[in-house]
Amino acid sequence: MIESRPLLSVVDDDESLRESLPDLLQEFGFAVETFASAEEFLASGRIGETRCLILDIAMPGMSGPDLQRELVQRHQKVPIIFITAHADQSVIPRLIEQGAVACLRKPFSDTALREALDAALAPP
Amino acid sequence: VNASSDGSIKWVHVVAQASCWDKDGRVLEYFGAVQDVTQRRLAEAAIDKARSELAHVTRIMTLGTLTASIAHEVNQPLSGIITNASTCLRMLAADPPNIKGAQETVRRTIRDGNRAADVIARLRALFSKKAAATETVDLNETTREVLKLMFSDLLRNGVDLRLELDHDHALLVTGDRVQLQQVILNLVRNASDAMRDVNDRPKHLLVKVEREEGGGARLIVKDAGVGLDPQTVGRLFDAFYTTKSDGMGIGLSVSRSIIESHGGKLWAEANEGPGTTFSFSLPRLAASETDDRTGEAALTPDLRGERDVMRNS
């Protein structure tokens, strides 16, 4: 039963987000894996199963946009929803242009997240 | 002050001396000169205005940097609070309600609320400036406070920060805490900006506070950035001189004047390797000689091990 739920991967260096977001996503009916860094996600072997990636922009080491580029190079077409605690919006248009589904600014509401997920998982 | 023919005001300087007296000692004649000092007056007014504008612009700029850091620091816990509360509502609305799960989300909500409150408390400490601006400032603690606020910014710019505080001594100086924090913020931000386009090497940033022989306290900010052009070193501290495309060239000149008004000096040196080191030195308060142990005990307990806390981890 659990296996049939679509897998979402959350990559964020903020621990309180890695604790709080999975519960909400599970309430939405998804299976969730969390990763503290982009590198950890790349090494996890879960990329192929991931139906949608919820990705922090600013992280130590490899940043969210870095990971986005890496996935494009690997021809991994996993939809990405960016999340960021920074007020600076100037990077957002570029990220959307490069294929991100949405960019949510923290704090975001559960409805905004739900809408972004619906858009990400909608059949093409 | 005279009204001249075109209605503008002329400033004049009059010097006169009695040159002729009658037999009772009353002055019959003065010998004197009237000098038009209008140009000098106008120039002085212009300098005063420029000076206060500089101070204002610096304040706004550092506020901008601070605001971005504060927004980030506060948005993180706020995000946790909102997500946890949303989850809690859903868990309680389920049939049957998931009480255990809801309790856990409430616990996390409280913790994140406290985290946000901590950020505000830190800010309050940063800005709790008395009107009379001289107080005893611990350079260790002040540096740590500034870097805590800048940390996420540095992280975002890919800077690998190493902070070395003097754990063995309280480095007390007398001065305006907020002004000194502005100087530190300026130097660290400059260092981070200088490494913005560096891609072929790690963006190492060393911030070090140390005790100087001979009664000084020193702060060093060493970057691995683009470095200094030997021809421009002499102009670094001039107002409106900048090498940044988006800079205004006032940070360093104002920083130097702040440090000098505290009886210290601020200077720059090219590194052996890539990058630049900016340092300032301030006279250490005599009390910190004898009071080392109590001074150290008065510091916040988490100061030790700060290097680990502040490094990108």
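Only heavy atoms go into these numbers, but all of them, side chains included; no hydrogens, no water, no symmetry mates. Below, read A as the first sequence line, B as the second, and so on, with proteins coming before strands; counting in each chain starts at 1.
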Closest heavy-atom pair, B:Thr87 versus A:Ser20, reported as atoms and distance to 0.1 Å, is OG1-O, 4.3 Å
Where does A:Leu17 contact chain B at under 4.5 Å (heavy atoms): side chain, backbone, both or neither?
side chain
Gap separating the CD1 atom of A:Ile83 from the CG atom of B:Asn75, nearest 0.5 angstrom:
12.0 Å
What pairs meet the ring-ring contact (aromatic ring centres under 6.0 Å, His included) rule with one or both residues in residues 43-65 of chain A, with sequence neighbours excluded?
none
Does any backbone or side-chain atom of A:Asp23 lie under 4.5 Å from a heavy atom of chain B? Answer side chain, backbone, both or neither.
both
Please report the C-alpha distance between A:Lys106 and B:Leu78 in whole Å, then the side-chain angles of each, then the deciding distance to 0.1 Å, and finally whether the side-chain contact (heavy atoms from CB on, under 4.5 Å) criterion is met.
CA-CA 8 Å; A:Lys106 297 179 190 175; B:Leu78 279 184; over 6 Å; no
A:Phe108 and B:Thr83 have their tightest heavy-atom pair at CE1-OG1, 4.5 Å
Would a 4.5 Å heavy-atom cut-off, applied to side chains only, mark B:Leu155 and A:Asp13 as touching?
yes
A:Ser16 and B:Arg115: side-chain donor and acceptor closer than 3.5 Å?
yes
Which donor-acceptor pairs under 3.5 Å do side chains of residues 30-38 of chain A form with protein atoms, sequence neighbours excluded?
{"residue": "A:Glu33", "atom": "OE2", "partner": "A:Arg46", "partner atom": "NH1", "Å": "2.6"}
{"residue": "A:Ser37", "atom": "OG", "partner": "A:Glu40", "partner atom": "N", "Å": "3.1"}

A:Glu27 portion near chain B, given a 4.5 angstrom heavy-atom threshold:
side chain
Should A:Glu19 and B:Arg111 count as an ion pair when the cut-off is N to O under 4.0 Å?
yes
Please report the interatomic distance OG(B:Ser79) to CG(A:Asp12), rounded to the nearest 0.5 Å.
8.0 Å
A:Pro107 versus B:Ile82, closest heavy-atom pair with distance
CB-CD1, 3.5 Å
Contact class of B:Arg108 relative to chain A, heavy atoms under 4.5 angstrom
side chain
For atom NZ of B:Lys222, is the number of surrounding heavy atoms from other residues, nucleotides or ligands below 6.0 Å larger than 12?
no
Closest non-hydrogen atoms of A:Asp110 and B:Ser86, given as atom of the first, atom of the second and distance, are OD2-CB, 3.6 Å
